[in-house]
Amino acid sequence: QVQLAESGGGSVQSGGSLRLSCAASGYIGSRYSLGWFRQAPGKLREGVAAINSDGTSTYADSVKGRFTISQDNAKNTLYLQMNSLKFEDTAMYYCAAVTVIWTRQFLLHANIYRYWGQGTQVTVSS
């Protein structure tokens with residue numbers, strides 16, 4: 001069983017930055033996929049960024065060049081550095097994990113992930 005806990009959300013002005021963290025506990029193994037998703041009120045959950053244990057990463061077009069996903073294996077922590085934040089980035093952000101390596105074209109699909117955190121709210125004011 002894997003437990004995920006997000007932190008780092010908050011309120012920021014447009015153009016600002018935040019770094020989200022996702023601490024994982026439990027055994028995730030050496031072959032896995034990790035992702036960040038977000039859901040705004042009245043909208044579907046969407047994939048933001050993801051990475052697998054081979055180091056392959058992918059981003060939604062809406063965040064390319066602004067967000068960076070990274071991981072610290074020693075700390076069992078996944079990060080999402082968010083720069084140049086926009087009002088439309090406002091959402092609840094979730095991290096997700098699965099103990100399977102998925103290739104790039106699948107990494108932003110929510111239905112491949114088995115484990116989910118409770119989310120952290122990001123609010124960007126214009």
N/O donor-acceptor pair under 3.5 Å between Asn52 side chain and Asp54 backbone = yes

Under the side-chain contact (heavy atoms from CB on, under 4.5 Å) rule, what do Arg114 and Thr99 come out as? Steps first, then yes or no, please.
-> CA-CA 8 Å; Arg114 179 176 180 181; Thr99 55; 5.7 Å; no

Examine Ile112 and Trp116 and state if one hydrophobic cluster contains both, with Ile, Leu, Val, Met, Phe, Trp and Tyr joined whenever side-chain heavy atoms are less than 4.5 Å apart.
-> yes

Answer yes or no: is there a donor N or O on one side and an acceptor on the other, between the side chain of Tyr59 and the main chain of Ile69, under 3.5 Å?
-> yes

Residue pair Val124 / Leu18, side-chain heavy-atom distance below 4.5 Å = no

Is it true that Tyr115 and Trp102 fall in one hydrophobic cluster, defined by side-chain heavy atoms closer than 4.5 Å?
-> no

Under 3.5 Å, side chain of Glu6 to main-chain N/O of Gly119, donor-acceptor pair present?
-> yes

With no hydrogens and no angle check, is any side-chain donor or acceptor of Thr77 less than 3.5 Å from a backbone partner on Asp72?
-> no

Sub-3.5 Å donor-acceptor pair from the side chain of Ser21 to the main-chain atoms of Gly8, do we have one?
-> no

Of all pairs that satisfy disulfide bond (SG atoms under 2.5 Å apart), the ones with a partner from residues 38-75, not counting sequence neighbours | none

Is the number of heavy atoms from other residues, nucleotides or ligands under 6.0 Å of Gln13 CD greater than 12?
-> no

With Thr58 via side-chain contact (heavy atoms from CB on, under 4.5 Å) - residues at least two apart = Ala50, Arg104, Leu107, Leu108

Show which side-chain atoms of residues 34-44 pair as donor or acceptor with protein atoms under 3.5 Å away, not counting sequence neighbours.
residue: Trp36; atom: NE1; partner: Tyr79; partner atom: O; Å: 3.2
residue: Arg38; atom: NE; partner: Glu46; partner atom: OE2; Å: 2.6
residue: Arg38; atom: NH1; partner: Asp89; partner atom: OD1; Å: 2.9
residue: Arg38; atom: NH1; partner: Tyr93; partner atom: OH; Å: 2.9
residue: Arg38; atom: NH2; partner: Glu46; partner atom: OE2; Å: 3.2
residue: Arg38; atom: NH2; partner: Ser62; partner atom: OG; Å: 3.4
residue: Gln39; atom: NE2; partner: Lys43; partner atom: O; Å: 3.1

Would Val98 and Val48 show up in the same hydrophobic cluster when neighbours are defined by side-chain heavy atoms closer than 4.5 Å?
-> no

Check the surroundings of atom CD in Gln118: do more than 12 heavy atoms from other residues, nucleotides or ligands lie under 6.0 Å from it?
-> no

N/O donor-acceptor pair under 3.5 Å between Asn76 side chain and Ser25 backbone | no

Who pairs with Ser84 by side-chain hydrogen bond (donor to acceptor under 3.5 Å, both in side chains), at least two apart in sequence or on another chain?
-> none

For Ala97 and Ile28, the nearest pair of non-hydrogen atoms, with its separation, is CB-CD1, 3.9 Å

Is it possible for you to say whether Phe67 and Leu78 belong to one hydrophobic cluster, with membership spreading through side-chain heavy-atom contacts below 4.5 Å?
-> yes

Where does the angle between the aromatic ring planes of Phe106 and His109 fall among parallel (under 30°), tilted (30 to 60°) and perpendicular (over 60°)?
-> tilted

Sequence-distant partners of Thr123, side-chain contact (heavy atoms from CB on, under 4.5 Å), two or more places apart = Ser11, Thr90, Gln121

Determine the minimum heavy-atom distance between Ala60 and Gly47, stating which atoms define it.
-> CB-O, 3.4 Å

Contacts of Thr68 that satisfy side-chain hydrogen bond (donor to acceptor under 3.5 Å, both in side chains) - sequence neighbours left out = none

Do Val12 and Leu80 share a hydrophobic cluster (ILVMFWY, side-chain heavy atoms under 4.5 Å, transitive)?
-> yes

Where do Ala24 and Leu4 come nearest, in terms of heavy atoms and distance?
-> CB-CD2, 3.7 Å

CA sep, side-chain torsions, deciding dist, call: Phe87, Ser14, side-chain contact (heavy atoms from CB on, under 4.5 Å) = CA-CA 6 Å; Phe87 174 75; Ser14 179; 5.9 Å; no

